[in-house]
Undergrad: 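I'd like to ask some things about the structure below.
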Amino acid sequence: MKGFLTMSILLPLLVGGNDLTPQRHHPRIEDCPFPVDPNLVEGRLLGWVRVELGKELIHTRTWYDPNGDLAKVEIVRGPDGVKLVNKPKTASYTIFWTPRQVMTTAIVVRVTDDPRSGKPMSDTGTILVQVVPRGQRVAPKAKGCGGPP
C-alpha cells in the first residue's frame, strides 16, 4: 500500500525585482516539528513532510513565474532513488520516493526560468523529509508541518 502526500505550494521563481510577484511566508527551520541539521537546507526552506518507512512519498509543488515562461526543474541533491517529474505546462513538479530506512533527509530542487529573451534565472529550495517507522503517526501535530505555516 502506498502512502500519498500531495501539496501545492508556490515557489516564487526569482525573475527580478517585480513587486507584483506574490510573496510567500516560508517556514522557519526553528518551527520544524522534528530535529533537523540546518546544514541540510540549501536555498529557501520550502517545508517539511513525514512519510512512513517503505511507503511512497508523492509530493507535488507548484511555482510562480510572472511572465509565464516555461521552467526546467531538477533535483540538486536528495536521497538515493528520488525521482522528479516536471510538468511545465501546469507550472508544477512531483517528487516520488520510497524510503528504505528511518532517517531525516533533504530533497533540494532547483527551478530555472528560461525566458524567451534574457538570461535564465533560477531559485533553489529544500524540502525536509522525516522517515518514521511503519505504524508511527505521520499526520502533523505542529502547525505548518508539510506546508506553509
Side-chain angles (χ1 to χ4, degrees), residues 1-19 21-66 70-114 120-149:
M1 185 171 177
K2 293 181 180 180
F4 182 73
L5 176 63
T6 301
M7 310 187 93
S8 194
I9 307 296
L10 291 177
L11 172 62
L13 189 57
L14 299 177
V15 293
N18 185 344
D19 289 338
T21 302
Q23 296 297 312
R24 297 291 300 175
H25 175 73
H26 293 278
R28 298 177 322 144
I29 196 159
E30 298 84 22
D31 297 332
C32 187
F34 49 85
V36 64
D37 179 353
N39 294 319
L40 290 175
V41 178
E42 187 175 329
R44 302 172 193 250
L45 174 60
L46 301 175
W48 40 80
V49 296
R50 287 184 175 133
V51 63
E52 280 188 50
L53 179 66
K55 292 194 176 182
E56 185 175 31
L57 170 70
I58 302 172
H59 185 81
T60 299
R61 300 186 77 86
T62 60
W63 68 82
Y64 172 77
D65 175 19
L70 294 180
K72 179 177 98 174
V73 183
E74 60 188 324
I75 293 177
V76 175
R77 183 171 42 90
D80 287 341
V82 69
K83 305 269 188 256
L84 182 138
V85 175
N86 186 17
K87 302 176 230 168
K89 290 184 180 179
T90 60
S92 67
Y93 60 91
T94 300
I95 295 170
F96 298 91
W97 179 54
T98 303
R100 301 289 178 217
Q101 64 184 18
V102 173
M103 68 169 80
T104 299
T105 189
I107 300 173
V108 179
V109 177
R110 180 179 302 125
V111 179
T112 303
D113 179 25
D114 193 13
M121 308 243 345
S122 65
D123 197 8
T124 302
T126 301
I127 303 159
L128 298 173
V129 182
Q130 183 186 42
V131 181
V132 297
R134 279 191 169 254
Q136 183 172 329
R137 180 180 165 87
V138 295
K141 286 186 175 183
K143 180 180 178 185
C145 180

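Side-chain atoms are counted along with the backbone in the values below, which use heavy atoms only and exclude waters and symmetry mates.
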Undergrad: Which heavy atom in V102 sits nearest to a heavy atom in V131, and how many Å separate them?
TA: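 Heavy-atom minimum between the residues: CG1-O, 3.2 Å.
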
Undergrad: Checking T94 now: which residues fulfil side chain to side chain donor-acceptor pair (under 3.5 Å) with it, not counting sequence neighbours?
TA: T60, K87

Undergrad: What pairs with D80 under side chain to side chain donor-acceptor pair (under 3.5 Å), at least two apart in sequence or on another chain?
TA: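 Here no residue qualifies.
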
Undergrad: At their closest point, which heavy atom of K72 faces which heavy atom of N86, and how far apart are they?
TA: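 For K72 and N86, the tightest heavy-atom pair comes out as CA-ND2, 3.9 Å.
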
Undergrad: Is there a donor-acceptor pair closer than 3.5 Å between any side-chain N or O of R77 and the backbone N or O of T126?
TA: no

Undergrad: Step by step, work out the side-chain contact (heavy atoms from CB on, under 4.5 Å) result for L128 and V41.
TA: CA-CA 8 Å; L128 298 173; V41 178; 4.2 Å; yes

Undergrad: To the nearest 0.5 Å, what is the distance between OH (Y93) and NE2 (H59)?
TA: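 Between atom OH of Y93 and atom NE2 of H59 there are 6.5 Å.
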
Undergrad: So, R50 side chain and P33 main chain: donor-acceptor pair closer than 3.5 Å or not?
TA: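 Looks like yes, one N/O pair under 3.5 Å.
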
Undergrad: Testing the basics here: between A71 and P88, what is the closest heavy-atom pair and its distance to 0.1 Å?
TA: O-CB, 3.9 Å

Undergrad: Quick check: do T124 and V108 have side-chain heavy atoms less than 4.5 Å from each other?
TA: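 Yes, side chains in contact.
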
Undergrad: Can you name the residues that form a side chain to side chain donor-acceptor pair (under 3.5 Å) with E74, not counting sequence neighbours?
TA: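 Expected list: R110.
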
Undergrad: Do you know which two heavy atoms are closest between P79 and A106, and how far apart they sit?
TA: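 Taking every non-hydrogen atom into account, CD-O, 3.7 Å.
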
Undergrad: Quick one: pull up CH2 in W97 and CD1 in I127 and give me the separation to the nearest 0.5 Å.
TA: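 The distance works out to 12.0 Å.
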
Undergrad: What are the two closest non-hydrogen atoms of L53 and P99, and how far apart are they?
TA: CD1-O, 3.7 Å

Undergrad: Find the distance between CG (D37) and OG1 (T104) and round it off to the nearest 0.5 Å.
TA: 10.0 Å

Undergrad: Hey, what do you get for CG (D113) to CH2 (W63), rounding to the nearest 0.5 Å?
TA: 10.0 Å

Undergrad: Is any side-chain heavy atom of I107 closer than 4.5 Å to a side-chain heavy atom of V109?
TA: yes

Undergrad: Measure the CG-CG distance between D123 and L46 for me, rounded to the nearest 0.5 Å.
TA: 8.0 Å

Undergrad: Which value, rounded to the nearest 0.5 Å, describes the distance between L57 atom CG and K83 atom NZ?
TA: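 Rounded to the nearest 0.5 Å, the CG-NZ separation comes out at 13.5 Å.
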
